[in-house]
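Written out below as structure tokens is the structure these notes cover.
Heavy-atom basis, side chains included; hydrogens, waters and symmetry copies ignored.
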Amino acid sequence: MAHTEHQTMRRVLRREIAGTIGLLTDEHDFTVMRRYRTFTFDDHTTYLQQVESLLRTLAAQGSHTTVALFDPEEYAEFCAHNGLEPDTAASRTRFTAELAATGPTVAYEGQPLAELVPDLVDEAVRKATWEYATTLLARIGNCASCGEDIGRASFARASHLLTRVLDTASPGERQLVCSVSAAPETLVAVLRADDDAEGTTRLDEAEALEFTTVLALGLATGSAGGLVMRTTAPDTTDRVYGWRLRGEGLQPLTAGEVFDAYCTDVTSGDLVSPESGVDYCVPPDLGSGEEATGHTH
């Protein structure tokens, strides 16, 4: 009887444990991991099917599971740094536990793996973008004339501008895209916002942090860049407008410039077909002096 009770308690406790699965999302990474003898999978498609089956099983048992992006190069560096033997399941488990705390993750909520994987990759790109922009901001240092920390001041300025942009937007769903030219490639950040029942703007804090950091980098370095807003609300035409980065401020784009910006892929430069029923327009006034370029360091 006591043995049965212990088994029951263990099953109950197991449901209280949140787990993380490290996922090899593409075939190249999967092939790299096959060099380890203890990694026994030999087909990426079958591997993904087994992962999805396991996720469904865990969910059916009431377990909460997150999926983390498993990078073989980062794993090898992790093992070397911590003096671990990489060709063991224990080392892979320890690395996955580290990813749960510091790496990009997506919660499994019953969605197909075909939907989860792109979300996980997007999360990884977003995190890498934020880390890169943060590093560049920190390297700028202090203003030679006034001694002000340029990165910190630019972040505060970017936060203020973002608040003004959101406050002056029409109610409804809003999507902001900020692009900043930076070596070796353009940095792009996306921020989505909507209103709750009381009319308060709701944001994803991680998205907002990344967006503000990328915008701050553009302001701090005087890089070419821009910010485009799209607003969507029931029974109204979608509105698209934007600004270019200029000095420490935002300069409004004309309706024609917004059309060109929105219908051009920021990464490849290729033209994108315009949508019908979309109003490409000038942005609202951000307030006294808010659109001015201000001084530069």
Given [X], which partner from the list [options] fulfils the side-chain contact (heavy atoms from CB on, under 4.5 Å) test?
{"X": "Tyr47", "options": "Gln50, Gln49, His44", "value": "His44"}
{"X": "Trp130", "options": "Val125, Leu187, Thr213", "value": "Thr213"}
{"X": "Thr25", "options": "Leu48, Leu120, Val67", "value": "Leu120"}

If you measure from [atom1] on [X] to [atom2] on [Y], what distance do you get to the nearest 0.5 Å?
{"X": "Asp194", "Y": "Thr232", "atom1": "CG", "atom2": "OG1", "value": "11.0 Å"}
{"X": "Asp149", "Y": "Phe155", "atom1": "CG", "atom2": "CZ", "value": "12.0 Å"}
{"X": "Asp71", "Y": "Asp29", "atom1": "CG", "atom2": "CG", "value": "5.5 Å"}
{"X": "Thr31", "Y": "Met33", "atom1": "OG1", "atom2": "CE", "value": "11.5 Å"}
{"X": "Leu245", "Y": "Cys178", "atom1": "CG", "atom2": "SG", "value": "6.0 Å"}
{"X": "Thr88", "Y": "Tyr36", "atom1": "OG1", "atom2": "OH", "value": "10.0 Å"}

Closest approach of [X] to [Y] (non-hydrogen atoms, all atoms of both residues):
{"X": "Pro112", "Y": "Glu52", "result": "CA-OE2, 3.4 Å"}
{"X": "Thr231", "Y": "Met229", "result": "CG2-CG, 3.9 Å"}
{"X": "Pro171", "Y": "Ala233", "result": "O-CB, 3.7 Å"}
{"X": "Thr20", "Y": "Ala100", "result": "OG1-CB, 3.3 Å"}

Test of ring centre spacing under 6.0 Å for Phe30 and Phe70: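 No - the distance between ring centres of Phe30 and Phe70 does not fall below the 6.0 Å cut-off.
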Name the orientation class of the two ring planes belonging to Phe95 and Phe78 (parallel below 30°, tilted from 30 to 60°, perpendicular beyond 60°). tilted
Given the rule in the salt bridge (charged side-chain N to carboxylate O under 4.0 Å, His left out) test, do Lys127 and Glu131 qualify, once you have shown the distances and angles that lead to the verdict? CA-CA 6 Å; Lys127 182 176 176 61; Glu131 290 176 346; 3.4 Å; yes
Less than 4.5 Å apart, side chain to side chain, heavy atoms only: is that true for [X] and [Y]?
{"X": "Val188", "Y": "Val214", "result": "no"}
{"X": "Leu166", "Y": "Leu203", "result": "yes"}
{"X": "Leu113", "Y": "Leu55", "result": "yes"}
{"X": "Trp243", "Y": "Val165", "result": "yes"}
{"X": "Leu24", "Y": "Phe39", "result": "yes"}

[X] [atom1]: over 12 foreign heavy atoms closer than 6.0 Å:
{"X": "Glu173", "atom1": "CD", "answer": "no"}
{"X": "Glu27", "atom1": "CD", "answer": "no"}
{"X": "Glu85", "atom1": "CD", "answer": "yes"}

Judged by atom type as modelled, is there a donor-acceptor pair below 3.5 Å linking the side chain of [X] to the main-chain atoms of [Y]?
{"X": "Glu210", "Y": "Thr129", "result": "no"}
{"X": "Arg174", "Y": "Ala169", "result": "no"}
{"X": "Asn82", "Y": "Leu84", "result": "no"}

Go through the side-chain N and O atoms of Arg244 and Gln251 and say whether any donor and acceptor fall under 3.5 Å apart. yes
